[in-house]
Amino acid sequence: MIAVEPFTEQVVFQRPRAMTGAPTTYCPGCMHGVAHRLVAEAIDELGIRERAILVAPVGCSVFAYNYFDIDSVVAAHGRAPAMATGLKRVQPDKIVFTYQGDGDLASIGIAEILHAAGRGENLTVIFVNNAVYGMTGGQMAPTTLPGMKTTSSPLGRDTRTMGHPIKMCELLSQLDGAAFIARRSLHSPAEIRKAKKAIVQAFKTQIEGRGFSMVELLASCPTNWDMKPVDALKWIETHMVPIYPLGDYKTRVES
Amino acid sequence: MIAVEPFTEQVVFQRPRAMTGAPTTYCPGCMHGVAHRLVAEAIDELGIRERAILVAPVGCSVFAYNYFDIDSVVAAHGRAPAMATGLKRVQPDKIVFTYQGDGDLASIGIAEILHAAGRGENLTVIFVNNAVYGMTGGQMAPTTLPGMKTTSSPLGRDTRTMGHPIKMCELLSQLDGAAFIARRSLHSPAEIRKAKKAIVQAFKTQIEGRGFSMVELLASCPTNWDMKPVDALKWIETHMVPIYPLGDYKTRVES
Amino acid sequence: MAKQLMKGNEAIAEAAIRAGVEAYFGYPITPQTELLEYMSKRMPELGRVFLQAESEVAAINMVYGAACAGRRVMTSSSSPGISLMQEGLSYIAASHVPVVIVDVMRGGPGLGNIAPSQSDYFQMVKMAGHGDYKPIVLAPATVQEAVDLTALAFDLAERYRTIATVLLDGVLGQMMEPVELPAMRALPTTPPAWAITGAAGRAKNSVVPFRMQADDLEALNLELQRKIAEIARREVRFKEYLIDTTSGSTDKAELIVVAFGTAGRVALSAVKAARQKGICVGLHRPITLSPFPDERLSQLADEARGFLVVEMNAGQMLQDVKLSVGGQAPVRFYGRTGGQVPMPDDIALEIEKLDEMTGHPLDHKIEGPVALRPVDRPARRQETSRTSRN
Amino acid sequence: MAKQLMKGNEAIAEAAIRAGVEAYFGYPITPQTELLEYMSKRMPELGRVFLQAESEVAAINMVYGAACAGRRVMTSSSSPGISLMQEGLSYIAASHVPVVIVDVMRGGPGLGNIAPSQSDYFQMVKMAGHGDYKPIVLAPATVQEAVDLTALAFDLAERYRTIATVLLDGVLGQMMEPVELPAMRALPTTPPAWAITGAAGRAKNSVVPFRMQADDLEALNLELQRKIAEIARREVRFKEYLIDTTSGSTDKAELIVVAFGTAGRVALSAVKAARQKGICVGLHRPITLSPFPDERLSQLADEARGFLVVEMNAGQMLQDVKLSVGGQAPVRFYGRTGGQVPMPDDIALEIEKLDEMTGHPLDHKIEGPVALRPVDRPARRQETSRTSRN
Amino acid sequence: MAKGHVVVDSERCKGCELCIGVCPKGSIHMSEGFNAKGYRTAVWVNPDGACTGCALCALVCPDTAIAVYREVVPRVGAANAASN
Amino acid sequence: MAKGHVVVDSERCKGCELCIGVCPKGSIHMSEGFNAKGYRTAVWVNPDGACTGCALCALVCPDTAIAVYREVVPRVGAANAASN
Amino acid sequence: MTHYDVVFSGFGGQGVLFGSQLLAYAAMEAGLQVTWIPSYGPEMRGGTANCTVVISDEEIGAPLMRRPSAVVALNYPSVQKYEPLIAPGGLLLYNASLTLRQPERTDIRCVPIPASDTAAELGTPKLLNMVMLGALLQITGVLPVEAVEQSLEAHLPAHRRDMLETNKLALRRGAELAQTLSVMA
Amino acid sequence: MTHYDVVFSGFGGQGVLFGSQLLAYAAMEAGLQVTWIPSYGPEMRGGTANCTVVISDEEIGAPLMRRPSAVVALNYPSVQKYEPLIAPGGLLLYNASLTLRQPERTDIRCVPIPASDTAAELGTPKLLNMVMLGALLQITGVLPVEAVEQSLEAHLPAHRRDMLETNKLALRRGAELAQTLSVMA
Ligand SMILES: Cc1ncc(C[n+]2csc(CCOP(=O)(O)OP(=O)(O)O)c2C)c(N)n1
Ligand SMILES: Cc1ncc(C[n+]2csc(CCOP(=O)(O)OP(=O)(O)O)c2C)c(N)n1
Ligand code: SF4
Ligand code: SF4
Ligand code: SF4
Ligand code: SF4
Ligand code: SF4
Ligand code: SF4
Ligand SMILES: [Mg+2]
Ligand SMILES: [Mg+2]
């Protein structure tokens, strides 16, 4: 029999299963929200929600444990890769990922991220680079752009005394243990889609046991940049992307 | 008047002025001794003994403060670059250098060395890579070669669980703040001469205010390698050099 | 000089600057961050050194380095950051170099929260790092005191070549109060003789935080202990309210509240309220937590009916009070944790309980100062320590 | 099972393995390193996890992670390394996850030296990290005890979801003694319900070391305090020698030496020697430093003429002894620092001094057990604390 | 073009306006009033049915405040296909 | 060839034999006896004057136990040159 | 003896901080002791903010209290939060423009001020904090409005200088409103 | 009651560790309590090493003592270091092959053993530690030589098994020497 169905709607977009739906404490327009959603979508797509484990950082996304509907822990500032190492080494069948800000990962926690990558820990790292310390009120991060004013570089980052930006993808891709290292941005729908793909690829790297994977996401902190959210996204495109070129920095096929 | 002088001798080689002459506690044939002497010779040659400051590490060379006839401090394990930063920032006219082992610099202290380099601290680092933790009895270091047996990798370093060697020159030369980064070896008289030149160049980099400089020296630890000193030097050449290629990794001219 | 309304954190920063701090190294952490931010602005203006370190571990070791150069140097942080500094602090102690540390305590343990707390008392006063040493610990209760004690911290650190800490909580760090700032001091022109400044025209100097031989290391420890004893002899500071007053209408206190910092000032309100109700209570507020005013407390214990220790933790200074009181009077405890600030009403209630427990004189509304009844030695089990949520 | 002659460090490692430790993360440091090295060999053989971390900071956070997964996990280090773990330990405490930490103490402060010491007492017992928490601290005095207490540490850590530490010094770590090892325990088959193992077929679990709201964080703290109180009620352990013996020729002790670990066993030699000279002295050796045997000491204080605390530090446990004794008897101190091990002769001399100071009975060579004279309450100033080099 | 249907959860919305910026059809506006948290919120206004359900708005929304539905044009044989 | 003169400080020498390994002239040998620290030590043995003072031995010595001197062949006019 | 404590409460962005600080400045400049202390929620931006000011002519002990004697509530959640807390006999001054429900307590004085509307009328919706502060001064008399005007002159940030007169105007409008309303109440 | 303490002292590499451990093993296997504890100098290699063994039939308190009752000195620096420390009535057994000067104390028993020479004669210069240990056993009678021989069988590392008999020989030669020498002394 040929049925003519009543006029219906199809869901094009809704909150992924791997998110709890708890409202976030993030500022209006903060890209942590988008980054969270992409990770949750990737988890849903790969069907790994029940074996995924989040290691949340100290930073604005310390609350991430509350937003993902998966088993979660919160690490000490910068130590998420070490904590994740502990979690993964004792249960290698789980999919363990850290979610870290740039202060957390590139400043206080640079030793832990480098060594996790160096050892080729089979972990995934979602690295949200917003060029400042969001949570503590916008101080300079190792990723702050030259000349950029922050609450701890009030006259702008002077590279002679405060150094140049540290580029984590470039650095980590030097390490033999790193299997997949990519940088994406969240400044437009198109870039958001690409970011999602990279996140999926990073998780796949782990699922296939190929070693350390990291996706760096250029993101905005409208509050501390003191910009409207829309302008902040533009600023990512015009100011951050030139210094932090997007792309795949390492894709190792063998494990 | 033409004088015929009595038959005399000229000093070809003697202990440099910048060494105290205190006998060392190093094992027979340990290359720390040679590395010390080269640094002291460089200090003498550059005439900077009276403004040179050594930051000694924790490692076999913790005693270095005793062997150099210059102002010295001993840092906590791995923190020499931070301590040196403190010393140099308050007295930029002094020539401050750290002397660090591979456990100290590449393991526990990797955050401090990376950030000192990242900030382009105008410091010099002498990095003695002997592929093990000498002082504590020969445990695995981040620089231990794949397959190499140590007291904490009794079956040999398995790169799948313990990672691949971390190559500090390759890593640090990624950073914009690094001005001069070179790797040399101490396994033969010819290499020792080259090492000396690199050390001089590193100090010059600092004297000229061009930023962070580091010379990595491949060295032996006959005791923990369980080799005769002569064999240990050969082993550097045959086993270490292929993994840690010698050369200049970065030479930035502008400051 | 006119008073200014300043946040504790900023007032401390400005006070340090006026005390001649030459270099600041630190890492952001709430509720201390304004101090770092203030420094980031002012220090470069003055041609002095400001550097945001990559971590607290790096910060304390930069401080260590600059201190070895004989320069006035400081860092500031909050509880978790202070934990990370413990190894460095122990090295600094072993090296006899002067440094100033400001700890704006927050709720713990762990990441805790950013609310005010006093639970770093042990970590600071009992030395959290390995080995036997003891920093000087100064605990302000007002922004003005924070300013004054910051200057004092530099003086004491240099006089004794030791670690001097200013220990406050988030309330004081975040609160604004009117302050009078001292004048700007001149920077020292020559570094001390032991400083690491390059061996020009003199024999080399070394700063060495170890002694391979046990007898040498014991000698170093004895020197540290000697220093601690000297500091204990000379530098005890505290403030008392409504205790032992000889004039006016206030009675000599029979009950003593002991509290420091914010807990101390809140307790003052409670003590005043209890006095209104006729309870003869006074407040002893230690300003130096290390050296601890143990002699004074022991003196007070000779005559007091009982003590109430109030802290924003689960009972840390309590131990030092008990050690000072030495079993001569009951010691009760009222503590709030997790970032809760005790309220005057709650403390007042505890004072009343103590009053009852220790058997207050029948006619407790005495008009003038009177001699105290001799105090029975209390049964030991009365000296209860407890955390109360009331 | 036949006895084996084993180094303390290796015996502890093997004991942990037999207690079912599933993962070990650590960093080399003398005088603990043999423990790590032993693990590097044995754990992979058994298919368990061994990982040399990049630092002590990383090691403790790896331990934290594995503990969150509900696995039996441990690390070991020595004093400076333990200082670096303080932030992590505070996080672990806030998270109520069980971990075992072995600290083989060395001379401090700073880099100190690699000689034996007990100067991490404060750092371990008074919690060195920020916040209010208290690990269980077990202090063995023989290699056999180290073995037994290691197994106990795992049990207690899991029972109370807390940090349990085995605190020893370089003497015990490096010394060989005959030991009987327990049988190999089976590994647990299912992780506890709270463990972070992936939210399969159940609601998600979280391990969260903070509470943003002060009242929530206070609730967490009250839970920690409740746990501490329960542990204090149930887990106190100590060993006594020549105290309160009702049989044979030994007298009830009038003087009590209190010492733990290596200092405790050396003191035993001294106590025996003093007994030979007819001094009625006994030894109380706390095995749990936390919870501290305060009730027992307070009981002993009711009858004892005096206490002598012997430590390999400048007087740390001393404070807890004084708090327990509560002013009821004089407490003397003999301490050696910097890696010096006190010698029996020196302690014997201190016992004699204490004997004289506290006025020993005229006929002090009594034959059988006798009732003790009631003890006068000593003047407070007699309770001197000092570091002596004699 | 497909017809879209957008639902904004006004209690989740924080009024960041990112969705407005990316909507190719101008179908989202800001509310006049405030939600409980004090924000003006995004409102889907689609009088002429311009919204295509492209979901760009949802893609950039940091607060997953937007759900997007699209008209399913009934296809003959769909039920059949499903029953295979 | 220039003539060398080598002095080994036997109390500093730890007998590692590195100098022996590099001496192109075979002018260094190990001692029979031990020094105060219990090491056999390097001994410069140069009966035929083969040592050129090339200082390779000193260059590799980790304990700066070796000093090297070289004969200065008197040159006519040297004094003159110096007095210019 | 002067002893006065007041909590300012509202959304982030409503001027809670500046309004309350201004009172503190004025108190200091009037030679009084004063403490000002903020507390924030976990949100980085948005969420609620509140500041407590204590003014006294004696050394101030507690800078925080469980039951404040006065509350200036700039939004409705603040009314909800603080109404039950205010000490008996105390004052609740609330922004009537944003309040959905009248406060119910009868043992405190509740004064509605249409602050948002008033500020909007003045063309400066952001100055609702000044309207409320003016009202507070008027009702409590803790400090004269003129004293606060002086502090405004001293402490208005440089980039807002052009708003000085408007600020003063808002202050005075608040005071006027309070006079009328409290007469009515 | 058995209570015996002895310090073995010498250069690193002279077999101080193994010699003293062997004694400890033998004591344990004889059912006695025993402690063995090493101490090193700052040098990584070379330098001096010494190990203290205490043997008792009661729980052992101190595993270290200021004044040992016996010392086995394998080199001259050890003689210099320990001669003054030995408890009155104690024993100094020293390697006469490497000793430059006779010990001088008369209140202790000093027994020279030409251990290095003897070991060299046996073709195994490294076994001077066994020679000294054999001598110690002979002189003190703390344990029978046979007991140590058994421990040697149990604990000689696998890769040295071929040296078992030579080790035993050295032990026995040491015992013989001690017998002769102590008769002579
Ligand atoms: C040991 C320690 N140091 C400092 C802090 C304070 N702190 C919290 S978050 C943070 C930085 C966060 O910046 P980032 O990692 O870039 O995250 P964002 O908030 O920007 O997402 C800092 C310094 C802390 N909690 N612990
Ligand atoms: C915080 C801390 N952790 C560990 C140690 C122990 N330790 C001393 S030196 C050393 C490693 C030295 O190795 P390396 O840096 O390679 O120097 P080397 O001795 O090989 O020259 C370690 C782990 C310490 N002193 N402090
Ligand atoms: S402060 Fe920045 S990073 Fe943090 S929530 Fe706000 S916008 Fe996001
Ligand atoms: S252990 Fe190795 S690095 Fe250390 S002194 Fe000996 S040979 Fe040199
Ligand atoms: S679905 Fe597309 S067209 Fe419709 S509102 Fe969203 S962005 Fe605009
Ligand atoms: S993007 Fe989301 S939060 Fe932002 S205005 Fe649109 S619906 Fe609201
Ligand atoms: S100087 Fe040259 S030739 Fe002479 S001994 Fe040394 S290495 Fe040999
Ligand atoms: S190289 Fe130096 S230490 Fe080695 S044997 Fe020769 S002289 Fe001696
Ligand atoms: Mg950031
Ligand atoms: Mg090394």
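In what follows, chains carry the letters A, B, and so on, assigned in the order in which the sequence lines appear, proteins first and then strands, with residues in each chain numbered from 1.
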Bottom line for D:Tyr38: the part with an atom under 4.5 Å from chain B's heavy atoms is neither
So, the part of D:Thr30 with a heavy atom under 4.5 Å from chain B: the answer is both
Scored by heavy-atom pairs under 4.5 Å with chain B, the best of D:Gln52, D:Glu56, D:Lys41, D:Met39 is D:Gln52
Bottom line for B:Thr150: the part with an atom under 4.5 Å from chain D's heavy atoms is neither
Applying side chain to side chain contact (heavy atoms under 4.5 Å, CB included) to B:Gln174 and not counting sequence neighbours gives A:Glu170, A:Leu171, A:Gln174
The interface call for D:Ile29 against chain B, heavy-atom contacts under 4.5 Å, is backbone
Scored by heavy-atom pairs under 4.5 Å with chain B, the best of D:Ala58, D:Ser55, D:Gly110, D:Gly81 is D:Ser55
Review point. So D:Tyr27 and B:His77, would you call those rings parallel, tilted or perpendicular, with 30° and 60° as cut-offs?
Key: tilted
Hey, what's the ring geometry for B:His36 with B:Phe68, parallel, tilted or perpendicular (30° and 60° as the breaks)?
tilted
Anything under 30° is parallel, anything over 60° is perpendicular, the rest tilted; go ahead and classify B:His32 against B:Tyr99. tilted
Between the CD atom in B:Glu216 and the CE atom in B:Met168, the distance rounded to the nearest 0.5 Å is 8.5 Å
